[in-house]
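Just below is one structure, and these are the notes that go with it.
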Protein chains: 2
Amino acid sequence: MEGAKGPQGRRLPAARDAAEPADLPDEAPLAGGLRVRLKDVAVHAGVSRATVSLVLRKSPLVKAETRAKVEEAMAGLGYVYNRSAANLRSGASRTVGLVLCEIITPNFAQFTAGIDEVLGTEGYMAFIGNAAEDATRQREVLLRMQEHGVDGLVVVASENTRADALEEGACARMPCVLAQRRVEGFPADYVGPDYGAGMELITEHLISLGHRNIAFIGGVRRIAPLTERMAGFHRALRRHKLKSGPVVPCAVIDRSSGYAAAREFLARELLAKGDIPSAIVCYNDVVAFGVMLALDEHGLVPGRDVAVVGCDDVDEAGLHRPALTTFTTDPRVVGREAARLLLRRIAHPERPREEIIVPPRLVIRQSCGAGKAADTPAVRRPPAHRPTGGAR
Amino acid sequence: MEGAKGPQGRRLPAARDAAEPADLPDEAPLAGGLRVRLKDVAVHAGVSRATVSLVLRKSPLVKAETRAKVEEAMAGLGYVYNRSAANLRSGASRTVGLVLCEIITPNFAQFTAGIDEVLGTEGYMAFIGNAAEDATRQREVLLRMQEHGVDGLVVVASENTRADALEEGACARMPCVLAQRRVEGFPADYVGPDYGAGMELITEHLISLGHRNIAFIGGVRRIAPLTERMAGFHRALRRHKLKSGPVVPCAVIDRSSGYAAAREFLARELLAKGDIPSAIVCYNDVVAFGVMLALDEHGLVPGRDVAVVGCDDVDEAGLHRPALTTFTTDPRVVGREAARLLLRRIAHPERPREEIIVPPRLVIRQSCGAGKAADTPAVRRPPAHRPTGGAR
DNA sequence: ACGAAAATTTAGATCGATCTAAATGCTGCG
DNA sequence: CGCAGCATTTAGATCGATCTAAATTTTCGT
């Protein structure tokens, strides 16, 4: 076990390392086809690898003259930094994971754009992982991100995510910002819209229009945003000493569930007593579209016979007829803030927990029947008829 | 330079490496707080690092018994694979870059979901980068992805992207699949919808409904999809020996641009001769929404007075009143196919160039005035009144 | 039971950066 | 002139995996 231990595993290193500093064949980037390494830059610039490394990291230690020489060499050789290698030694990958409960909603596109925008300016890059509202996939995604050595996470938790799932998924062991949806019992930083205040605002608006019997459609699921919304809804009612109208659950949060829930509810109410609410607050815009469809089917015109409001101000909201009254949850802003907060957290892991709540803005359109009610058809040619939703 | 060369840079390695195989303090994962390495697993399982590495990569070389022992050790210690380290040596990061010209369109959310879906099952992870239709940002994003050592790229090129920009951006030096938008002169794999066939199909449909004067709104930009669309539009017209109606450009591809373009066009036509087209083919659905708004303002009802069709079948299309006749470009399918093709290309860099064209499907709704035309109001209570667009 | 072939395991170099501690160069001061 | 003190630069170990070639063990035919 001692004698024959010659150098092993050489893969023509001679050919690679023989490149003398001065007489490179030509100035062609990537001479030979292999990737240019820091070492090559060092040789070419006539300095040590350590110095090149310092230049790369913009250290103030290197002399201006030397720095220039090195930068010239980098440009000349077409050097591309290898972050995997750097990461291995330094531990910082300048990479974050973006775990989304569901990618295919207009909200998340905006949200992701906001995140990317901020990360880009800081030289970070995001991994994207879609959990598709599935706990198992979420676990897998979290694990893979860990394997890739992300510096931190932005998590929009899937429904029914419990604190221990996140803890197990390494969210507790690295910088992690929850966005859009809180997870009870998991004390991470949080950025999200103020669903409660929005619901309060929009319910107030309905009350100010004279509505007294206000229903709530959508809900059931165990996600924090529902709790917050219901709380805001009730807050507004309480302030005006009103009792809540019927609260109707909804299997999933999408248009057809909203439709189904509303249809069943209306059929029941109409057949039984004929005492239907004069206004309906919906879990969000998408549910509201379904609800309006159901009203329509029962011959009720949203905005005239029954006021309908949503939450989110998705692009379709202004496009729908009647245009939907709702409040914005500024997903792009939420994304930006989440990214900024995560970067702060990465820089200072021990700073106190932070929470950023983005205030809602009411967007009054036709579906609530504001301005006029009974006379206008509400569906054709609405009063404020400007092009909206373009550049947003 | 010879004498004093003692071991340097030791950061308490003794404390870390002293862990004997047998007597670990306890079975707690992450004993000590440091990350568990492959080496720790090897020690714990009583085998060499090389063997553990083989187990990790599911090599058939290791005996089943040994494999079991190692896997047990991994589970016991809570080992997490470090891909950065692996990448450094092996060159494969199991990471791909997803470069999007613009994130905030419903299409790209679906597209991204399709990509993520396929990559996930293969254990890959995607970096996301939004170029926001800006060439400079696109360059930066491509560079950063290269720095992170992605194994390949899926690129939805920003407008005006020229082949040399992609070549410079390393797209030529690594597996790269273009999606949605071709880039002329850049011979990479391509996956995209068949815009030409779709336009042909939908124009044929209009012709079959009796339209003879058909306009085209949207365009100007130098992206391949426009060329393809125009070609399909003209193909259908030629087959029926019809002349093209007016072709109206559009500054940007969004709703307000479509609105502005149509408004100006209609004003001009109405004032001048009063000879407006009976049908309008729009660049895409979003432009069509703007166009319908403009028609509406001029007192023209889309689907009754003028037929309007779009392209993409975005979620809003079915929601709009009148519901938009369009054709689907299946972004999710395109995403899936792009990811699959990229993985194939990564596995076999030398295989011949491939191109996957996803066929369009016509979606006939109300805006083309199909079925009936003049009598039904087309806006209220359309015939096929089912909830759509929910689960999609 | 022996040696060849097959199966399995392993030592140690290696990937390309960063890190530490030390070496070197350069001032200016007594 | 010698040396403290500062500014710069550098050698070589190191991060945690994979890779190659060789070592070792097992299987098997005769």
Side-chain angles (χ1 to χ4, degrees), chain A residues 1-13 16-17 34-43 45-67 69-70 74 79-94 147-149, chain B residues 1-13 16-17 34-43 45-67 69-70 74 79-94 147-149:
Chain A
M1 248 243 215
E2 277 273 286
K5 254 197 214 164
Q8 298 168 330
R10 25 82 225 165
R11 192 203 332 211
L12 54 123
R16 200 116 146 67
D17 291 343
L34 281 159
R35 194 163 163 171
V36 176
R37 300 150 305 166
L38 176 142
K39 188 192 197 178
D40 303 316
V41 174
V43 169
V47 299
S48 72
R49 280 156 38 235
T51 301
V52 176
S53 179
L54 289 173
V55 170
L56 276 172
R57 283 171 297 141
K58 312 205 185 305
S59 160
L61 289 178
V62 287
K63 221 200 304 189
E65 200 179 321
T66 314
R67 177 189 308 282
K69 207 166 54 180
V70 171
M74 295 199 304
Y79 172 69
V80 175
Y81 188 58
N82 181 333
R83 271 180 207 279
S84 290
N87 181 23
L88 179 55
R89 185 69 233 257
S90 74
S93 63
R94 293 193 85 81
E147 291 185 355
H148 282 289
Chain B
M1 247 237 214
E2 277 274 286
K5 255 196 215 163
Q8 298 168 330
R10 26 81 226 167
R11 192 201 332 211
L12 56 122
R16 201 116 145 66
D17 292 342
L34 283 159
R35 195 164 162 171
V36 176
R37 300 150 303 164
L38 176 143
K39 187 192 199 179
D40 303 316
V41 175
V43 170
V47 298
S48 72
R49 280 157 38 235
T51 302
V52 177
S53 179
L54 290 173
V55 170
L56 276 172
R57 285 171 293 141
K58 312 206 185 306
S59 160
L61 289 179
V62 287
K63 220 199 309 188
E65 201 180 319
T66 312
R67 176 188 310 283
K69 209 167 51 179
V70 171
M74 294 199 306
Y79 172 68
V80 176
Y81 188 57
N82 181 335
R83 271 180 208 278
S84 289
N87 180 24
L88 180 55
R89 185 69 234 256
S90 73
S93 63
R94 294 193 85 83
E147 291 185 355
H148 281 289

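Order of the sequence lines sets the chain letters (A, B, ...), proteins ahead of strands, with each chain counted from 1.
- A straight line from OH of B:Tyr81 to P of D:dA17 spans 8 Å, rounded to a whole angstrom.
- A:Val70 pairs with exactly one of A:Leu56, A:Leu54, A:Val62, A:Val52 by the side-chain contact (heavy atoms from CB on, under 4.5 Å) rule, that one being A:Val52.
- Remark: P of C:dC15 and CG of A:Leu88 are 14 Å apart, rounded to the nearest angstrom.
- At whole-Å resolution of the value, NZ in B:Lys63 and C1' in C:dT10 are 14 Å apart.
- A close approach under 4.0 Å does not occur between any side-chain nitrogen or oxygen of B:Ser90 and OP1 or OP2 of D:dT18.
- Contact between the side-chain N/O atoms of A:Thr66 and the OP1/OP2 oxygens of D:dT9 is found at a separation under 4.0 Å.
- A donor-acceptor contact under 3.5 Å links the side chain of B:Arg49 to the base of D:dT18.
- For B:Arg67 (side chain) and B:Ser59 (main-chain N/O), a donor-acceptor pair under 3.5 Å exists by modelled atom type.
- Atom CZ in A:Arg35 sits about 8 Å away from atom P in C:dG16, given to the nearest Å.
- Across all strands shown, A:Val52 has no heavy atoms under 4.0 Å from either base or sugar-phosphate atoms.
- The shortest distance between the side-chain N/O atoms of B:Arg89 and the OP1/OP2 oxygens of C:dT14 is not below 4.0 Å.
- In this structure, the CG atom of B:Asn87 is 9 Å from the C1' atom of C:dC15, given to the nearest Å.
- A straight line from CG of A:Leu54 to C1' of C:dA21 spans 14 Å, rounded to a whole angstrom.
- Remark: P of C:dT8 and CZ of B:Arg67 are 10 Å apart, rounded to the nearest angstrom.
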